[in-house]
Asker: 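Dropping a structure here in structure tokens format, bear with me for questions.
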Amino acid sequence: MKSRFAPSPTGYLHIGGARTALFAWAYAKKCGGKFVLRIEDTDRERSTQASVDAILEGMSWLGLDYDEGPFYQTQRFERYREITQQLLDEGKAYYCQCSKQRLDDLRKSLMAKGEKAMYDGCCRSKNLSNGVVRFKNPAAGSVVFIDSVKGKISINNKEIDDLIIARTDGTPTYNLTVVVDDYDMQISHVIRGDDHINNTPRQINLYQALNWKMPEFAHLPMILGSDGARMSKRHGAMSVMAYRDEGFLPEALINYLSRLGWSHGDKELFSMAEIAELFDFSAVNKAPAIFNKVKLLWLNQEYIKNATPEHLHQHLQWHLDKSGLDVSTGAEPVLVIKILQERSKTLVEMVEGMKMFYQDFADFDKKLADKQFENKEPLELLLAKLSILKDWQAETIKACIKEVCADLDIGFGKVGQPFRLALSGDGNAANIDIVAELVGKETTLKRLQKAIKYEC
RNA sequence: GUCGCCUUCGUCUAUCGGUUAGGACCCCAGGUUUUCAUCCUGGUAAGAGGAGUUCGAUUCUCCUAGGCGAUACCA
């Protein structure tokens with residue numbers, strides 16, 4: 001068994017492509033087969049090296065490792081030419097010199113008549129010796145195949161015209177190259193988006209003309225934008241790497257993507273290993289799915305909550321570097337990460353939460369400060385007690401807070417809240433005693449003084 | 001226009017002829033809690049419409065509607 005992911009390098013690796021790659025990868029793993037990466041760059045106009053790099057980076061970030069490749073179609077032009085020539089020699093393809101203008105007019109007049117717009121085979125028996133090369137599609141009968149997710153699909157050959165397999169400049173086109181490559185690379189399972197369903201019968205006819213064994217086909221439904229329309233920029237991030245930038249963990253994105261069109265009973269959380277073990281086309285939906293970022297966020301939070309601080313630290317490094325936050329001088333990062341795990345939906349949020357431990361903030365949140373710092377007494381008393389505290393530990397700090405409460409005969413909140421604001425600046429922090437311990441004695445005292453000086 | 005594919009809560013989905021149609025996200029209401037968050041409990045919410053087949057249809061068939069896709073010298 002061997003599957004492949006065959007993106008064209010005309011942009012970054014997007015969500016839909018990633019999901020296709022994931023399923024192809026998962027099925028290969030499940031079968032103990034191989035997974036191949038092939039770059040379909042025959043369109044010289046639109047393909048770029050930057051896109052190739054972006055796709056490779058996306059695959060690697062997601063952890064979608066491939067056993068073979070990446071192969072590049074531009075390096076196989078000789079092979080395509082050979083097959084095209086063979087088809088020509090066997091009378092299964094022919095040259096066509098119809099102008100774009102004629103093709104255009106033909107299409108328009110056909111549509112005006114309410115017929116399907118397709119090439120009329122004008123040059124079929126002209127015996128020309130140059131121009132584009134068209135494949136002679138069978139005129140009668142129909143193509144029937146069993147798709148692993150859609151079931152039986154049949155299309156009448158009357159609906160398929162003679163497709164171009166080589167352009168005027170001799171370069172091959174998509175339908176020819178996929179067939180040749182999938183055959184040469186011994187791909188047993190062609191797994192791709194269902195926007196390719198309509199191409200499949202053409203390709204099957206090519207397989208038959210070449211007398212090649214056909215692979216299994218599995219067409220995955222599309223992923224739609226939030227309004228049910230095809231995904232586009234206005235739906236938010238489409239690029240896989242944009243999700244890293246926004247603070248998502250690759251395992252969360254993978255988990256989310258796996259559940260778009262696939263399911264395994266009521267199970268929601270899947271590790272990559274579980275996906276590889278449980279994935280099957282029989283549980284893949286036929287209908288397109290709408291991408292829902294809110295659920296992705298929930299998943300991301302689940303993964304952040306349950307990850308080890310060390311693992312999080314690894315992924316956090318990229319964001320730390322980006323934000324320029326230096327964590328080498330303050331508390332041990334994993335300790336800080338630990339207390340932020342339950343309160344961060346994304347890694348970006350986590351970096352935000354880390355800042356108070358490593359750098360000072362400019363001002364207190366005014367609205368909160370006016371309220372919390374109105375009565376300075378608790379803060380002053382707390383400062384006095386903490387100043388002489390020798391053993392700077394969460395427990396001892398907590399004891400000080402409780403003493404203040406007792407001395408002043410007030411509740412924990414009356415001391416804890418102002419203290420929290422004094423330390424964080426925005427009032428956002430976890431258990432105040434632990435936070436104070438990690439912020440450190442010197443900084444804590446400094447911030448308390450700053451809070452006491454605050455004028456409401 | 002033509003052809004192909006698709007259609008269960010707002011969203012992702014379970015159900016493989018017989019269920020009070022289940023789970024998850026979101027949302028709402030409670031509870032725990034040192035803010036926020038987490039956590040716990042409960043709740044709202046669905047089979048596009050119409051014909052058949054059947055003792056019985058969400059499930060099988062057909063029609064309609066809607067959505068998506070293809071109709072390129074793009075992939």
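Below, read A as the first sequence line, B as the second, and so on, with proteins coming before strands; counting in each chain starts at 1.
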Asker: Between Trp392(A) (side chain only) and Ala436(A) (backbone N and O only), is there a donor and an acceptor less than 3.5 Å apart?
Answerer: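 Yes, Trp392(A) side chain to Ala436(A) backbone: donor-acceptor pair under 3.5 Å.
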Asker: Taking the ring of Phe23(A) and the ring of His189(A), is the distance between their centroids below 6.0 Å?
Answerer: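 No; Phe23(A) has its ring centre 6.0 Å or more from that of His189(A).
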Asker: Would you call Glu403(A) and Lys385(A) a salt bridge, taking side-chain N to carboxylate O under 4.0 Å as the test?
Answerer: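 Salt bridge: yes.
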Asker: When you measure from the side-chain N and O atoms of Lys286(A) to the phosphate of C6(B), is any distance below 4.0 Å, counting only OP1 and OP2?
Answerer: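 Yes, because at least one side-chain N or O of Lys286(A) sits under 4.0 Å from OP1 or OP2 of C6(B).
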Asker: Below 3.5 Å, does any donor atom in the side chain of Glu268(A) face an acceptor in the base of G23(B), or the other way round?
Answerer: yes
Asker: When all nucleic acid strands are considered with a 4.0 Å heavy-atom cut-off, which category describes Glu40(A): base, sugar-phosphate, or nothing?
Answerer: sugar-phosphate
Asker: Do the ring centers of Phe217(A) and Phe145(A) come within less than 6.0 Å of each other?
Answerer: yes
Asker: Using purine N1 to pyrimidine N3 plus N6-O4 or O6-N4 for Watson-Crick, or N1-O2 and O6-N3 for G-U wobble, each under 3.5 Å, what pairs with C60(B)?
Answerer: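 Pair assignment: C60(B) / G52(B).
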Asker: Rounding to an integer number of angstrom, what distance separates G31(B) and A37(B) when you compare their P atoms?
Answerer: 15 Å
Asker: Any donor-acceptor pair under 3.5 Å joining the side chain of Asp266(A) to the base of G22(B)?
Answerer: yes
Asker: What distance, rounded to whole Å, do you find between the two C1' atoms, one in U8(B) and one in A14(B)?
Answerer: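 That atom pair is separated by 10 Å.
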Asker: Using the P atom in both, what is the distance from C28(B) to A21(B), to the nearest Å?
Answerer: 27 Å
Asker: Centroid separation under 6.0 Å, is that true for the rings of Trp262(A) and Phe270(A)?
Answerer: yes
Asker: Can you find a donor-acceptor N/O pair under 3.5 angstrom joining the side chain of Asn199(A) to the base of A75(B)?
Answerer: yes
Asker: I need the CE-P distance between Met111(A) and G1(B), as an integer number of Å.
Answerer: 9 Å
Asker: With a 4.0 Å cut-off on heavy atoms, is Gly193(A) in touch with a base, just the backbone sugar-phosphate, or nothing at all?
Answerer: nothing
Asker: What is the distance, rounded to the nearest whole Å, between atom CG of Asp195(A) and atom P of U71(B)?
Answerer: 10 Å
Asker: Check if the side chain of Thr173(A) and the base of C73(B) share a donor-acceptor pair of N or O atoms closer than 3.5 Å.
Answerer: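 Counting by modelled atom types and ignoring angles, no donor-acceptor contact under 3.5 Å is found here.
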Asker: Does the ring centre of Phe248(A) sit less than 6.0 Å away from the ring centre of Tyr303(A)?
Answerer: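 They do not qualify: ring centres at least 6.0 Å apart.
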Asker: In this structure, how many angstroms lie between the P atom of C12(B) and the NE2 atom of His264(A), rounded?
Answerer: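 It is 21 Å, rounded to the nearest whole Å.
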Asker: How far does the C1' atom of U15(B) sit from the matching atom of U58(B), given to the nearest Å?
Answerer: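 It comes out at 8 Å once rounded to the nearest Å.
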Asker: Produce a footprint string for nucleotides 25-34 of chain B: one letter per nucleotide, 5' end first; B if the base is under 4.0 Å from any protein heavy atom, S if only the sugar-phosphate is, - if neither.
Answerer: SS-------B
Asker: Determine the interatomic distance between P on U71(B) and the same-named atom on A75(B); round to the nearest Å.
Answerer: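 One P to the other, the span is 11 Å.
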Asker: How far does the P atom of U7(B) sit from the matching atom of A45(B), given to the nearest Å?
Answerer: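 Their P atoms lie roughly 25 Å apart.
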Asker: Who is the Watson-Crick or G-U wobble partner of C25(B), with both distances under 3.5 Å?
Answerer: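 Paired with G10(B).
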Asker: In whole Å, what separates the C1' atom of U44(B) from that of C27(B)?
Answerer: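 Straight-line distance between the two C1' atoms is 8 Å.
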Asker: Both distances below 3.5 Å, Watson-Crick or wobble geometry, any strand: find the nucleotide opposite U71(B).
Answerer: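 Check on U71(B): paired to G1(B), both distances under 3.5 Å.
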Asker: Would you say A72(B) has OP1 or OP2 under 4.0 Å from some side-chain N or O of Arg107(A)?
Answerer: yes
Asker: Are Phe281(A) and Tyr27(A) near enough that their ring centres are under 6.0 Å apart?
Answerer: yes
Asker: With rounding to whole Å, what would you report as the distance between C63(B) and C26(B) at their C1' atoms?
Answerer: 36 Å
Asker: Are Tyr454(A) and Phe373(A) an aromatic pair, judged by ring center distance below 6.0 Å?
Answerer: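 Between Tyr454(A) and Phe373(A), which both carry aromatic rings, the centre distance is below 6.0 Å.
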